[in-house]
Each structure stands twice: as C-alpha cells, then as structure tokens.
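Notes follow once the structure below has been shown.
The shown structure was predicted, so the numbers you read here are calculated from the model rather than taken from an experiment.
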Amino acid sequence: MTRDLSRLIRPRSIAVVGGGVWCASVIEQCRRMGFDGPIWPVHPKRAEVGGLHAYSAVDDLPKAPDATFIGVNRGATIDTVASLAAMGAGGAVCFASGFREAQAETGDGDALQDQLLQAAGAMPIIGPNCYGFINYLDGALLWPDQHGGQRCERGVALITQSSNIAINLTMQARGLPLAYVATAGNQAQTGLAEIGTALLEDSRVTALGLHIEGVGDLRAFEALTDRARALGKPIVALKAGKSEQARAAAVSHTASLAGSDAGARALLARLGVAQVATLPALVETLKLLHLAGPLESDRVISMSCSGGEASLMADAAVGRGVIYPPLDAEQRSALRAALGPMVALANPLDYHTFIWDDVPRMTEAFSAALSGDIALGCLVVDYPRTDRCSDAAWDCTIAAGGAAVRASGKPLAIVASLPENLSERMAQRIIEAGMIPLLGIDEAMTAIETAARLGRYRAPSAPILVPGPEGEARVLSEAESKAALAAHGADVPQSMRALAADLERAAHSMALPLVLKGEGFAHKTEAGAVALNLASSEAVIDAAERMSAPAYLLEEMITGGVAELLIGVVRDPAHGFVLTLAAGGVLTEILQDSASLILPVSEADITDAIDSLRIAPLLAGYRGQPAASRAAIVAAVRAVQDYVKENASRVQEVEINPLICTPTRAVAADALIRTGDKP
C-alpha cells in the first residue's frame with residue numbers, strides 16, 4: 001500500500017505527546033528553527049510542556065495534527081497511534097523502543113509491533129525506535145535532540161537507519177545544504193525507500209543520501225530508484241554491514257565470492273545508486289551532485305600554484321575513473337598568453353604564483369583551462385586559518401574562479417588538500433561565487449569519480465528477478481546439473497555416467513582422451529576425484545580404482561582452452577539473484593578476480609563484466625595467443641540466467657566451474673545446482 005507522507009514530513013501543525021526532556025526538546029527545536037504553525041503538547045497531568053499549554057489527551061486537540069511526535073512508553077504509544085489514526089492525523093514518529101528490534105530481549109516485541117501496525121491502519125508512522133526527522137526547508141522538526149543544521153531554501157535529503165549517525169551528519173561543517181535529515185527506525189510500517197520517495201517528491205530537494213544497514217523491500221527500493229531517475233535526482237549510498245546470509249549452506253565457490261556485501265554492491269550499481277565507503281565521501285559527493293549534478297564525462301583538469309599539489313592530484317587519480325586529458329592546442333595557446341614563458345604547461349597544471357592576486361590574468365588562465373574537453377575543473381586552494389592568519393590575499397581565487405565559471409560555462413571545484421583548510425564560512429563564499437567547495441583530495445576524487453559514473457549510468461531494461469522462499473536444500477549431481485543447463489543452451493562435454501563395472505565398456509565407446517570424475521564430492525579436485533587426459537581404457541580403470549567412488553562420469557577431454565571462468569548465481573534474499581563472473585578453475589580462490597551483477601542481465605552487462613576482470617587480456621588473446629570466443633561465453637552466461645529465470649521460485653545456487661573457454665566454444669566442464677526442493 002502506498003501511503004501519503006506529505007502531511008507528516010511537511011506539516012502545518014505538530015503535536016508532541018509526552019512530557020519528558022525529549023518532548024520538550026522537540027518543541028524547543030521547532031521554535032529555534034522558526035516553525036510558523038501551531039505546536040500542541042499533550043500530557044495527562046501537566047498544564048504546560050516546553051512553555052506551551054498542554055492538552056490532557058490527543059482527543060482534546062483543536063484538530064487532527066499533521067505530524068505527531070510520540071515520546072511515551074511502548075504500550076502508551078500503541079494507544080496514542082490508535083487515537084491519532086481515528087481522528088485523521090497525518091502521521092506520527094514513534095520514539096519508543098522495545099518492539100520487533102528487541103524481540104530477543106523482551107520476548108513480546110513481535111506481538112507489540114503487530115498491535116502498533118493494526119492501530120496505525122492507513123496512517124503513516126515512522127519507527128518505532130526512531131529519532132524522527134528534520135525538515136530544514138520549513139523549520140519543522142520532529143526531533144528530540146540538538147542538531148547542527150540550519151534553514152535552507154534548497155538542498156539534499158539524508159536518510160539513515162542510525163539516529164546517532166543522523167546527528168553526526170547534521171554537525172558537518174563542509175558547506176552541504178541539508179533539506180531533510182530523517183531516521184527510519186526499525187521500519188515497522190514505513191520503510192527507507194518509502195521515506196526516500198516522499199522526500200524526493202519535494203521540488204526543493206536536489207539529491208538523496210542514504211546510510212543503509214539493510215535494503216528491506218527489494219521492489220520498494222527499485223521503485224525509489226525508478227522515481228529518482230524520472231525526477232533527475234541522484235542517490236548516493238553508504239552501505240554498512242557484511243552478512244553471511246548468502247553464504248549459508250554454500251557448497252560452491254560462488255557463494256564465498258558473492259556474499260551479501262557483493263550482492264549489495266551489485267544491486268546498488270544496477271539501480272544507479274552511487275556507492276561510497278565513508279561519511280566524508282558521502283557528504284562531498286552529495287555536495288558535488290547538489291551543485292553540479294552528474295558529470296558528462298570523467299575528464300578533469302586540475303590547477304594549482306604548487307608542483308607538489310599538482311603531483312598529489314595526479315597521484316590521486318591513479319586507479320580511479322578520473323582522466324586528466326592532455327591540453328589541446330587552444331588551451332595551450334591561451335594558457336601561454338596568460339602565464340608567460342616560464343610555466344610548463346600540463347594537466348594537472350602548476351600555474352605558479354607569477355599571476356597571484358592579478359585577478360584578470362588568473363581569470364584568463366582559469367578560463368583557458370576550462371575551455372577544453374573536460375567535465376569539471378579543479379582549483380587546489382588551502383585557505384589560512386583565520387584565528388592566527390589572514391586569508392585576505394586568497395580572495396583572488398574566489399573572484400577569478402567565479403569569473404572563469406561564468407566565462408566558460410564549466411563547473412569548477414575548489415579543492416582543499418586538507419579538509420580543515422576550507423572553513424564552512426569559506427565554503428559558503430565559494431558556493432555563492434558559483435563554484436563547488438570540496439574538502440580533501442581523496443574525498444574530492446571519490447566525488448568526481450562517482451558523479452562521472454552516474455553521468456554514464458545505463459538504466460536496466462527489466463525489473464530485478466526476486467527469489468522465492470528458501471526451501472530444504474537438494475544438490476543435483478553433476479550429470480543432472482549439466483543436463484538441466486544444457487536444456488537452456490549451455491555447451492557441455494559429451495559424457496556417459498557409469499558404475500565401476502561398466503567403465504571399461506563405456507571408455508571403449510567414447511573418443512579419447514577422456515576425463516573421469518567420481519560422483520559424490522562437492523569439490524572434486526580437492527578430493528582427488530578428477531583425472532584428466534586419460535588416453536586408454538586401462539588408464540580410466542586405474543583412475544577409478546584410486547577414486548573409489550560410488551559412480552563415475554566419463555567425459556570428452558576439452559582441449560585448446562584459452563582461459564577458465566567461473567559462472568555462478570546465488571540466491572541472496574536481501575538483494576536478488578547475484579550473478580558472479582570470475583577467474584575459474586584452480587585460480588578462483590587464488591586470484592579472487594570476480595565481478596557481480598544482479599539478474600537479469602543484458603549482453604552489454606555481461607560484456608562489461610568480462611572486460612572488468614583481471615584475466616580479460618587472456619580472453620582477448622594475450623601476446624599473440626588465440627582469443628576466446630566472446631559470443632560463446634555470453635551464451636553460457638545466458639544459459640545459466642535462463643535456467644534461473646525458469647526456476648526462480650526454487651533455485652538456491654548454480655555454478656559452472658570451470659567454464660573452459662576456447663577460440664570456438666565455452667564448455668561447462670563442471671556444474672553444480674542446488675535447489676530448494678523438498679527431498
């Protein structure tokens with residue numbers, strides 16, 4: 001059910017139920033931020049709360065409030081929610097804990113949460129175990145603590161599942177304008193995705209930042225990203241936690257390579273959510289997106305008046321999706337005219353200090369640099385600390401940088417090599433001049449790389465394939481697994497299954513050389529249950545005696561392999577079906593060379609994943625060697641995907657390892673399927 005959160009998050013009237021310090025703080029924060037609507041405290045015994053007249057019960061309020069902060073115990077919370085829902089209130093924040101998030105400790109959390117949901121009915125509630133939210137646009141705070149933000153007319157929205165991290169984010173002094181800061185609590189009714197969608201619908205919100213502990217409802221999260229894309233508003237996420245969810249009961253390499261963390265990364269990448277690893281990177285990336293939006297390309301020019309800073313900028317791009325293109329002829333000519341003959345022209349550029357404090361010449365130089373085929377310019381400037389020094393002589397950087405932005409029409413970021421060397425006051429001046437303040441070279445590079453990746457994002461053509469419930473595991477034999485995949489187009493070796501007594505006859509009926517595999521082993525190579533390149537029936541019998549298996553699989557020997565790959569799919573209940581492409585065979589665990597995607601995938605997705613592997617040069621034909629058939633590899637991946645799609649309600653795990661890649665074929669030399677069928 002889709003709930004309308006507009007009254008709750010953009011209220012014209014607020015009720016505060018409870019009399020503790022938390023409730024008084026909600027009233028204080030609304031007053032300090034200039035909320036211009038009525039605030040109605042509710043307490044059964046007190047005449048006033050927070051300096052305002054208190055009503056003895058919710059039913060005594062002048063009318064149904066748009067938003068209510070409920071700061072009473074969990075039992076009273078349920079009764080209050082029921083009263084608010086009955087009178088047609090717009091929604092509530094439930095501060096109390098002790099519901100489903102505390103089930104292990106209290107033993108009755110599940111039952112109480114069910115009662116809370118029943119009491120709410122169609123009325124939106126956020127929480128429980130939730131700090132609430134801050135609406136900095138309208139000065140409306142259902143927030144029981146101090147915070148560090150201020151009113152703004154336009155900014156980014158932040159949602160976190162941690163109230164303490166929400167407080168920390170409001171304390172940032174990096175010049176990021178915050179439109180909303182919201183916490184999701186235990187998401188009993190209204191999830192992170194639903195809150196995010198409601199915030200993005202506000203035209204004053206430019207981007208959304210998420211601190212995610214768990215995605216929750218896959219379809220709701222997918223709908224959030226679809227809506228964000230339609231609105232042209234990017235999403236950046238910091239994903240916390242690594243779960244063993246997708247590795248439980250694993251019998252293949254795929255699960256250990258995929259894992260829940262890899263699934264989360266693949267999911268966010270598929271949906272166009274940019275992922276960062278730290279809170280500073282989250283703030284700096286959101287700031288760049290707020291002020292410049294996704295970048296048209298990954299081509300950047302850097303300028304500084306120091307060779308040391310130029311080197312730091314150059315080194316920071318190594319291993320990242322950021323390119324410093326060479327200066328073109330027009331740039332070189334214009335820069336030479338502005339800087340004179342003593343400056344070596346390059347990108348990154350050390351423009352020296354010959355023109356320092358000459359605003360017209362600095363403007364000329366910066367404009368020339370921005371005139372090339374670049375998406376963003378960076379001007380490295382660290383400002384003096386004003387408690388001991390004067391920063392007046394650095395005003396020229398703001399004047400010239402702003403003028404260059406207006407002349408070129410290109411965005412320009414002022415990058416401080418040390419975050420503390422660009423104050424909030426200076427960040428605001430930079431923004432007012434039309435530029436972007438970025439604090440820290442590493443964080444700046446993360447923001448630029450992320451914004452460029454968002455700029456070239458390609459939306460998927462199909463919705464996520466959602467797994468069915470997990471059943472009691474059944475592992476198919478190798479022969480059964482290969483037959484199932486072959487039915488969907490996989491190339492498998494010619495084979496014959498036989499008992500020990502029938503091996504010699506079987507060997508005579510197949511072309512040599514052969515491969516013998518003993519059945520009943522999850523990892524045959526480690527168990528010594530694989531024998532290769534058997535050139536006679538006698539060699540087959542000898543190998544079988546060493547294995548002593550209950551039954552055997554006799555196969556053609558695949559020769560001419562260029563490289564070996566792993567193709568696997570794991571059912572990850574938190575993120576969908578995770579497809580893993582990796583270096584295969586004995587190299588799987590050694591190289592840890594893998595790429596993860598969420599099903600379904602397109603041919604372009606598969607090709608990009610193959611190209612991202614470290615063994616991609618082998619597949620392309622390294623040092624004059626034959627190349628593997630790219631079409632055959634893609635066909636093998638599609639066969640696995642087709643099997644999973646047809647069996648999505650029960651499949652748990654699929655693996656081909658190795659996939660032997662030759663110039664003409666991609667052969668599933670070994671395969672494993674685990675389903676959720678009941679035996």
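For the pair G528 and M547, the tightest heavy-atom approach, listed with the atom from each and the gap, is O-CG, 3.7 Å. In this structure, L192 and Q187 approach most closely via the heavy-atom pair N-OE1, 2.6 Å. Closest non-hydrogen pair, A506 versus A498, comes out as CB-CB, 4.4 Å. Of all heavy-atom pairs spanning I464 and E222, the tightest one is N-OE2, 2.8 Å. Shown here for N533 and M557, the closest heavy-atom pair between the two residues is N-SD, 3.4 Å. Contact record, A535 with A539: N-CB, 4.4 Å, taken as the closest heavy-atom pair.
Under a 3.5 Å cut-off, the side chain of E443 and the backbone N or O of L438 do not form any donor-acceptor pair. Of the possible donor and acceptor atoms, one in the side chain of E556 sits under 3.5 Å from a partner among the backbone N and O of Q494. Between the D593 side chain and the R614 main chain, a donor and an acceptor come within less than 3.5 Å of each other. The backbone N or O of A604 lies less than 3.5 Å from no partner atom in the side chain of T607, so there is not a single donor-acceptor pair. Between the side chain of E284 and the backbone N or O of L282 there is no donor-acceptor pair closer than 3.5 Å. Looking only at distances, a side-chain donor or acceptor of K482 sits under 3.5 Å from a matching main-chain atom of A669. At distances below 3.5 Å, not a single donor-acceptor pair connects side-chain atoms of R571 with backbone N or O atoms of V466. Judged purely by atom type and a 3.5 angstrom limit, T183 has no side-chain atom pairing as donor or acceptor with the backbone of G185. Counting only distance, with no hydrogens or angles, the side chain of S548 and the backbone of E545 share no donor-acceptor pair below 3.5 Å. At least one donor-acceptor pair under 3.5 Å links the side chain of K233 to the backbone N or O of L200.
Note on residues 597-629: no pairs pass ring pair (Phe, Tyr, Trp, His ring centres under 6.0 Å), not counting sequence neighbours. Residue pairs meeting the ring pair (Phe, Tyr, Trp, His ring centres under 6.0 Å) criterion with at least one member in residues 549-571, sequence neighbours excluded, do not occur.
Applying the side chain to side chain donor-acceptor pair (under 3.5 Å) rule to T446 yields the partners R320; only residues at least two apart in sequence or on another chain are considered. Remark: Y324 pairs with no residue by the ring pair (Phe, Tyr, Trp, His ring centres under 6.0 Å) rule, at least two apart or across chains. Every ring pair (Phe, Tyr, Trp, His ring centres under 6.0 Å) that H488 has, sequence neighbours left out, goes to Y643.
Under the 4.5 Å side-chain criterion, counting only non-hydrogen atoms from C-beta, P294 is not in contact with R456. Residues C661 and L565 have side chains in contact (heavy-atom distance under 4.5 Å, counting atoms from C-beta outward). Using a 4.5 Å heavy-atom threshold, the side chains of L659 and E564 count as separate. I448 places a side-chain heavy atom less than 4.5 Å from the side chain of V300. Two residues are said to be in side-chain contact when any heavy atoms from C-beta on lie closer than 4.5 Å; S537 and R505 fail this criterion. Residues T675 and N647 fail the side-chain proximity criterion, which asks for heavy atoms closer than 4.5 Å. Here the side chains of L210 and V236 are not in contact, with every heavy-atom distance at 4.5 Å or above. In this structure the side chain of T662 reaches within 4.5 angstrom of the side chain of I558, judged on heavy atoms.
Using a 4.0 Å cut-off between a side-chain N of Lys or Arg and a carboxylate O of Asp or Glu, E655 and R674 do not qualify as a salt bridge. Using a 4.0 Å cut-off between charged nitrogen and carboxylate oxygen, D605 and R458 count as a salt-bridge pair. Between D542 and R546 there is no salt bridge, since no side-chain N of the basic residue sits under 4.0 Å from a carboxylate O of the acidic one.
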Residue pair Q275, R265: steps toward the side-chain contact (heavy atoms from CB on, under 4.5 Å) verdict: CA-CA 7 Å; Q275 188 171 3; R265 290 179 178 278; 3.3 Å; yes

Chi angles and distances behind the side-chain contact (heavy atoms from CB on, under 4.5 Å) call for R497, L554: CA-CA 6 Å; R497 188 173 181 272; L554 202 58; over 6 Å; no

Under the side-chain contact (heavy atoms from CB on, under 4.5 Å) rule, what do L597 and L579 come out as? Steps first, then yes or no, please. CA-CA 5 Å; L597 303 167; L579 166 70; 4.2 Å; yes

May I have the step-by-step check of side-chain contact (heavy atoms from CB on, under 4.5 Å) for V644 and Q641, ending in yes or no? CA-CA 5 Å; V644 174; Q641 173 168 263; 5.8 Å; no

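How far CD1 of I374 is from CD1 of I323: 13.0 Å, rounded to the nearest 0.5 Å. Separation of atoms CG (L619) and CD1 (I615) is listed at 5.0 Å; rounding is to 0.5 Å. Between L503 atom CG and I541 atom CD1 the span is 5.0 Å, to the nearest 0.5 Å. Of the inter-residue distances, the one linking E653 atom CD with I673 atom CD1 reads 10.5 Å to the nearest 0.5 angstrom. Here the straight-line distance linking atom CG of L208 with atom CZ of R227 works out to 13.5 Å at 0.5 Å rounding. Residue S302 holds its OG atom at 3.5 Å from CE of M313, rounded to the nearest 0.5 Å.
Heavy-atom contacts from other residues, nucleotides or ligands closer than 6.0 Å to CD of E480 number more than 12. Enclosure of atom CD in E296 is not indicated, since only 12 or fewer non-hydrogen atoms of other residues, nucleotides or ligands lie within 6.0 angstrom.
Test D261, L581, T580 against S596 for side chain to side chain contact (heavy atoms under 4.5 Å, CB included) and you get one pass: T580.
Between the side chains of N186 and Q113, at least one donor-acceptor pair of N or O atoms lies under 3.5 Å.
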Which atom pairs, one a donor and one an acceptor, fall under 3.5 Å between side chains of residues 623-639 and the rest of the protein, sequence neighbours left out?
unit_1: S629; atom_1: OG; unit_2: A632; atom_2: N; d: 3.1
unit_1: R630; atom_1: NH1; unit_2: D611; atom_2: OD1; d: 3.2
unit_1: R630; atom_1: NH2; unit_2: D611; atom_2: OD1; d: 3.1

